[in-house]
K.L.:
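Supplied in structure tokens, the structure appears directly below.
Heads up: numbering here begins at 1 and tracks the sequence.
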Amino acid sequence: MSGSIDLDVAGARWTVDPSDPEAAQPAFLQKVADGTGDLLKEVRIKRLLRIRSASGRPYLVKHYRGRSFVDSLKNFWRGSAAFEEYELVLEALKRGIPTIAPAFFGERGHDSWIGFPELLELIPADKYLRGQRNDIPSAGEPRKRLVRAYGRFARRVHDLGLDQDDFDPNNVMFRVTPDGAPHFVIVDFERASFAAPDLARRVWLLAKMNRFDGASMTDRLRFLAGYCEGAPRMHLKGTASSILSEHRKVLLRDLSRGSRNATEESRNIGRIETGYFRKKIGRESGDGLNEETARGLAQVAPGLFGEPFAIAPTGARIVRVEAGKEGELWRAANACLRAGLPVLPPLAHGAGWIAFAGLGRDLPDFLGGHRGRPEFGQALEQLGRSFGRFETLGLDVPGPFPPDPLTIFVHDGRVLFTCLGPLGEPAGSTRTGVEERLAAVTAPLRKRFDLTRADEERFVEGLRRAGGHTGVSRKPH
């Protein structure tokens with residue numbers, strides 16, 4: 001950074017943007033080194049904090065902590081993780097890629113920090129697409145224009161030579177200019193490089209973006225139309241077909257990796273972040289459980305019984321399984337979670353039991369409480385979407401089929417299955433019989449809630465929107 005300010009504070013060496021004097025205050029940098037602020041996210045090797053300057057201005061600070069011995073060797077040659085990201089962001093700015101300029105970075109031994117001013121006027125693209133922002137319209141014509149503009153932005157970023165391996169709506173933000181046009185920026189350069197992606201690589205990157213589950217099929221096609229703007233219609237159709245083919249490969253790769261006992265340190269409930277943070281899970285404890293909670297769960301779980309679940313004091317759902325089979329279920333659940341499939345996160349397991357997160361309400365309870373209300377049809381459509389996510393891979397939900405409705409849960413507008421069996425072999429797009437499986441899944445609900453044709457069509461529509469087999473007839477079952 002031209003004319004940067006170099007400081008030594010708290011035993012660390014800092015480089016600060018001279019245009020941001022608040023970030024150069026020693027008291028502020030001391031707070032950064034001490035981690036004094038709001039903890040937004042924490043994993044084994046990284047923390048994300050919001051730290052305010054003396055005037056109250058918020059900064060988002062990534063604190064990279066000591067890594068493995070191999071990573072230490074890499075850092076010796078390439079510099080710290082914060083320094084590497086710092087240089088990537090500066091290179092992006094030089095190339096004209098819209099992003100947020102870093103305010104500072106610092107290094108001390110195995111620790112390093114990079115900070116950015118928090119621009120409150122920017123709207124996270126993932127929250128917008130999920131309908132979680134009420135300050136701007138998220139449906140109709142405004143959404144159509146914004147999604148197409150997002151596609152044009154993605155094309156521009158690739159054309160400028162950025163290969164961002166984690167370029168999805170979670171790492172894109174935007175603001176609406178006074179003339180109504182969206183202005184996008186890309187954030188998070190941890191997995192970026194500068195080598196203009198060729199066509200095959202672009203298809204792969206777009207397929208990875210396709211894992212985002214907050215966008216409808218219409219959103220995806222509009223995004224692609226923006227990305228391929230000006231291309232012949234047949235070119236657009238062929239690109240969409242290639243992306244769907246690569247998308248299946250991405251998910252199958254994620255399933256394969258997840259079945260090897262690996263899971264995500266960085267995952268948030270209801271969303272998966274893949275690739276950068278990964279660890280081997282201990283035999284009894286998983287993500288989101290500190291050691292004390294894991295020990296407490298392991299002590300009470302063997303004495304808890306219920307059908308189909310027992311509820312632990314912490315709210316976790318305990319399932320009794322055949323002794324010696326719990327590890328297989330644990331791997332299946334983590335593999336599905338890693339692939340972004342809609343399942344309850346597993347928390348821990350021991351001899352003869354496995355615990356899942358106590359999220360949401362079971363599907364019959366939710367439907368019974370919302371009969372005659374819009375949420376009833378929305379839950380049926382979300383059930384179709386979740387079912388369609390498995391159908392896309394030619395895969396059944398691990399466990400007995402059809403799944404017991406009491407093992408299906410509605411949480412924050414999503415429908416989550418419970419993995420109660422080993423992971424099957426994905427059949428891909430060659431599997432047939434989707435209509436029979438669809439009828440089997442909905443049969444218990446049809447009988448209990450006297451579903452109408454319109455209700456059943458909501459389920460079928462959800463299946464279609466998830467990218468399930470488009471050969472399913474529109475005739476309700």
Side-chain angles (χ1 to χ4, degrees), residues 88-89 91-99 125-126 129 144-172 174 182 184-257 272-276 339-340 389 392-394 426 428-430 465-470:
L88 286 169
V89 176
E91 178 63 25
L93 290 169
K94 290 179 183 177
R95 291 177 180 235
I97 296 172
T99 187
D126 62 332
L129 292 172
K144 176 181 178 180
R145 290 197 304 267
L146 191 135
V147 170
R148 287 182 69 102
Y150 180 21
R152 290 193 293 270
F153 171 71
R155 174 64 178 265
R156 177 188 172 193
V157 167
H158 288 161
D159 287 348
L160 288 172
L162 178 64
D163 186 328
Q164 164 60 293
D165 202 45
D166 199 15
F167 184 17
D168 62 30
N170 302 312
N171 290 326
V172 171
F174 70 94
F184 290 89
V185 299
I186 184 170
V187 297
D188 197 345
F189 284 72
E190 293 170 14
R191 303 181 63 200
S193 61
F194 285 99
D198 59 16
L199 179 59
R201 177 65 178 171
R202 291 184 187 217
V203 169
W204 174 257
L205 294 172
L206 293 173
K208 293 189 70 175
M209 291 176 65
N210 201 42
R211 289 183 297 188
F212 177 73
D213 60 4
S216 67
M217 185 61 69
T218 301
D219 288 333
R220 298 168 200 270
L221 291 174
R222 286 173 177 164
F223 170 90
L224 191 58
Y227 190 93
C228 300
E229 194 168 56
R233 188 175 182 83
M234 287 304 296
H235 177 76
L236 181 64
K237 183 177 179 180
T239 303
S241 177
S242 298
I243 289 173
L244 288 175
S245 177
E246 289 298 304
H247 176 66
R248 293 189 181 95
K249 295 179 183 178
V250 169
L251 294 183
L252 291 173
R253 182 202 63 175
D254 290 343
L255 283 170
S256 175
R257 287 181 173 180
I272 193 73
E273 301 176 21
T274 60
Y276 192 72
R389 298 290 297 280
T392 300
L393 299 176
S429 59
T430 61
R465 288 179 177 275
H469 293 271
T470 54

K.L.:
With a 4.5 Å limit on heavy-atom distance, are the side chains of Gln164 and Val157 in contact?
P.N.:
no
K.L.:
With side chains defined as the heavy atoms from C-beta onward, is the minimum distance between Arg148 and Glu229 less than 4.5 Å?
P.N.:
yes
K.L.:
For a side chain to side chain contact (heavy atoms under 4.5 Å, CB included) check, start with the C-alpha distance between Asp159 and Arg202, then their side-chain angles and the critical distance, and finish with the verdict.
P.N.:
CA-CA 10 Å; Asp159 287 348; Arg202 291 184 187 217; 2.9 Å; yes
K.L.:
Drop me the distance from Asp163's CG to Phe194's CZ, to the nearest 0.5 angstrom.
P.N.:
10.0 Å
K.L.:
Nearest 0.5 angstrom please: Leu199 CG to Arg201 CZ, how far?
P.N.:
13.0 Å
K.L.:
So do the side chains of Tyr150 and Pro182 get within less than 4.5 Å of each other, counting heavy atoms only?
P.N.:
no
K.L.:
Flag the pair Val185 / Phe174 as yes when at least one side-chain heavy-atom distance between them is below 4.5 Å, and no otherwise.
P.N.:
no
K.L.:
For Phe153 versus Ile186, what's the shortest heavy-atom pair and its separation?
P.N.:
CZ-N, 3.8 Å
K.L.:
I need the minimum non-hydrogen distance between Ala192 and Leu162, along with the two atoms involved.
P.N.:
CB-CD1, 3.8 Å
K.L.:
Asp188: what forms a side-chain hydrogen bond (donor to acceptor under 3.5 Å, both in side chains) with it, not counting sequence neighbours?
P.N.:
Lys62
K.L.:
With a 4.5 Å cut-off on side-chain heavy atoms, are Phe189 and Asn171 touching?
P.N.:
no
K.L.:
Among all residues two or more places apart in sequence or in another chain, which pass the side-chain hydrogen bond (donor to acceptor under 3.5 Å, both in side chains) test with Arg95?
P.N.:
Glu91
K.L.:
For the atom pair OG1 (Thr99) and CD1 (Ile97), what is the distance rounded to the nearest 0.5 Å?
P.N.:
8.5 Å
K.L.:
Please report the shortest heavy-atom distance between His158 and Pro197, naming the atom on each side.
P.N.:
O-CD, 3.8 Å
K.L.:
Within a strict 4.5 Å, meaning less than it, do heavy atoms of the Phe223 and Leu129 side chains meet?
P.N.:
no
